[in-house]
Amino acid sequence: MAGMSITNTPKTASIDDASPIGRTLARAFDDDPMMRWFFPDDATREAGLGRYFSTIFTRQYGRHGVCERTGAAAAFWVPPGAQDKAVPDAETIRELEEILGDRAPLFRAAVAAAAGHGPQEPHWYLAVVGADPAAQGQGHGAALLRSGLAKADAAGLPTYLESSKPSNLPVYEHFGFTVLGEFRLPGGGPTLWSMRREAHRPADA
């Protein structure tokens with residue numbers, strides 16, 4: 001291990017990493033408007049988010065997506081060939097609904113609404129990226145973004161994401177994303193912005 005600093009070099013996440021990834025993303029998304037909408041109770045949010053993220057990682061993105069982590073961040077990407085597989089199966093949905101409790105109907109409505117806004121063209125989808133706020137400014141999220149975007153660029157494909165946190169939009173714009181549109185989640189939920197980034201060709205192309 002290199003000294004005390006937490007490495008921000010991306011590496012492939014394995015299913016064994018589910019607990020630390022869940023904890024990292026729970027801290028990362030504590031102030032995220034969509035996650036606060038799903039987990040409104042301050043007292044139980046961190047535990048609920050931890051279970052939520054470790055479940056979708058273990059059952060969904062860790063199996064079918066491209067998941068990377070650093071010492072203090074994680075990112076879940078879905079390449080074009082996995083898009084039909086990386087949707088939660090019935091058992092995963094049951095688990096998530098148990099975690100979400102009485103917010104489960106809002107969650108179902110939100111997932112359906114977001115799916116209706118999804119792009120039709122082949123693309124890489126950034127499902128989740130988050131860094132522990134304790135490691136903010138150390139380049140963890142940026143390293144994971146660059147790593148995934150390089151894979152999309154190598155395939156010559158655009159990238160999509162949705163964000164419910166306005167302060168994140170300029171961060172993504174810095175990486176070449178532009179806002180496509182915005183929509184409110186049903187039931188009085190927060191606004192989601194959909195963003196797209198064109199594939200970047202190598203400089204010498």
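All of these numbers come straight from a predicted model, not from anything done at the bench.
Minimum interatomic distance between G156 and A199 (heavy atoms only, all atoms of both residues): C-CB, 3.5 Å. Nearest heavy-atom pair, R69 versus P20, reported as atom, atom and distance to 0.1 Å: NH2-CB, 4.2 Å. Minimum interatomic distance between A28 and A131 (heavy atoms only, all atoms of both residues): CB-O, 3.2 Å. Listed here is the closest heavy atom pair of L169 and S163: CD2-CB, 4.1 Å. Considering every non-hydrogen atom in both P88 and Q60, the closest pair reads CD-NE2, 3.3 Å.
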Checklist entry - Is there a side chain to side chain contact (heavy atoms under 4.5 Å, CB included) between E121 and R196 once you walk through the steps? => result CA-CA 11 Å; E121 64 182 331; R196 179 184 186 273; 2.8 Å; yes
Next on the checklist: Show, in sequence, the C-alpha distance, side-chain angles and deciding distance for D153 and R197, and conclude whether the salt bridge (charged side-chain N to carboxylate O under 4.0 Å, His left out) test is met.
Outcome noted: CA-CA 10 Å; D153 285 346; R197 176 188 179 272; 2.8 Å; yes
Next on the checklist: Pair E68, S147 - check side-chain hydrogen bond (donor to acceptor under 3.5 Å, both in side chains), show working.
Outcome noted: CA-CA 9 Å; E68 295 188 319; S147 177; 2.6 Å; yes
Next on the checklist: One pair to check against side chain to side chain contact (heavy atoms under 4.5 Å, CB included): T7 and T70. What are the steps and the verdict?
Outcome noted: CA-CA 6 Å; T7 173; T70 68; 5.8 Å; no
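In this structure, the side chains of H123 and P80 stay at 4.5 Å or more apart for every pair of heavy atoms. Counting only heavy atoms from C-beta outward, the side chains of F53 and I21 never approach each other to under 4.5 Å. Considering only heavy atoms from C-beta on, L25 comes within 4.5 Å of F76 through its side chain. At a threshold of 4.5 Å between non-hydrogen side-chain atoms, the residues Y160 and S194 do not count as touching. Side-chain contact between D30 and R36 is present, with at least one heavy-atom pair separated by less than 4.5 Å. The side-chain heavy atoms of I56 and Y61, taken from C-beta on, include a pair separated by under 4.5 Å. Residues Y125 and Q83 have side chains in contact (heavy-atom distance under 4.5 Å, counting atoms from C-beta outward).
The line from OG1 of T92 to CZ of R94 is 9.0 Å long, rounded to the nearest 0.5 Å. The CG atom of D89 lies 7.0 Å from the CZ atom of R63; values are rounded to the nearest 0.5 Å. For the atom pair OG1 of T191 and CD of E182, the computed distance is 5.5 Å after rounding to the nearest 0.5 Å. A distance of 10.5 Å separates CD1 of I15 from CZ of R59, quoted to the nearest 0.5 Å.
Residues R51 and E95 are not paired through a salt bridge, judged by the lack of any N-O separation under 4.0 Å between the basic side chain and the carboxylate. Looking at K165 and D32, no side-chain N of the basic residue comes within less than 4.0 Å of a carboxylate O on the acidic one, giving no salt bridge.
Under a cut-off of 6.0 angstrom, the local environment of CD in E173 is crowded, with over 12 non-hydrogen atoms contributed by other residues, nucleotides or ligands.
Residues V129 and W77 fall within the same hydrophobic cluster, defined by Ile, Leu, Val, Met, Phe, Trp and Tyr side chains chained together at heavy-atom separations under 4.5 Å. No chain of hydrophobic side-chain contacts below 4.5 Å, direct or via other Ile, Leu, Val, Met, Phe, Trp or Tyr residues, connects F177 to M34. Residues L185 and M195 fall into different hydrophobic clusters, defined by Ile, Leu, Val, Met, Phe, Trp and Tyr side chains chained together at heavy-atom separations under 4.5 Å. If you chain together hydrophobic residues whose side chains sit under 4.5 Å apart, L161 and V128 never meet in one group. Hydrophobic cluster membership is shared by I99 and L106, with clusters built from Ile, Leu, Val, Met, Phe, Trp and Tyr side chains linked at under 4.5 angstrom.
By the 30° and 60° cut-offs, the orientation of the rings of Y52 relative to F107 is perpendicular.
Within the 3.5 Å criterion, the main-chain N or O of T24 finds no donor-acceptor partner in the side chain of D132. Side-chain N or O atoms of S54 include none that pairs as donor or acceptor with a backbone N or O of G22 at under 3.5 Å. At distances below 3.5 Å, at least one donor-acceptor pair connects side-chain atoms of R103 with backbone N or O atoms of W37.
For F29 and F39, the ring centers sit 6.0 Å or farther from each other.
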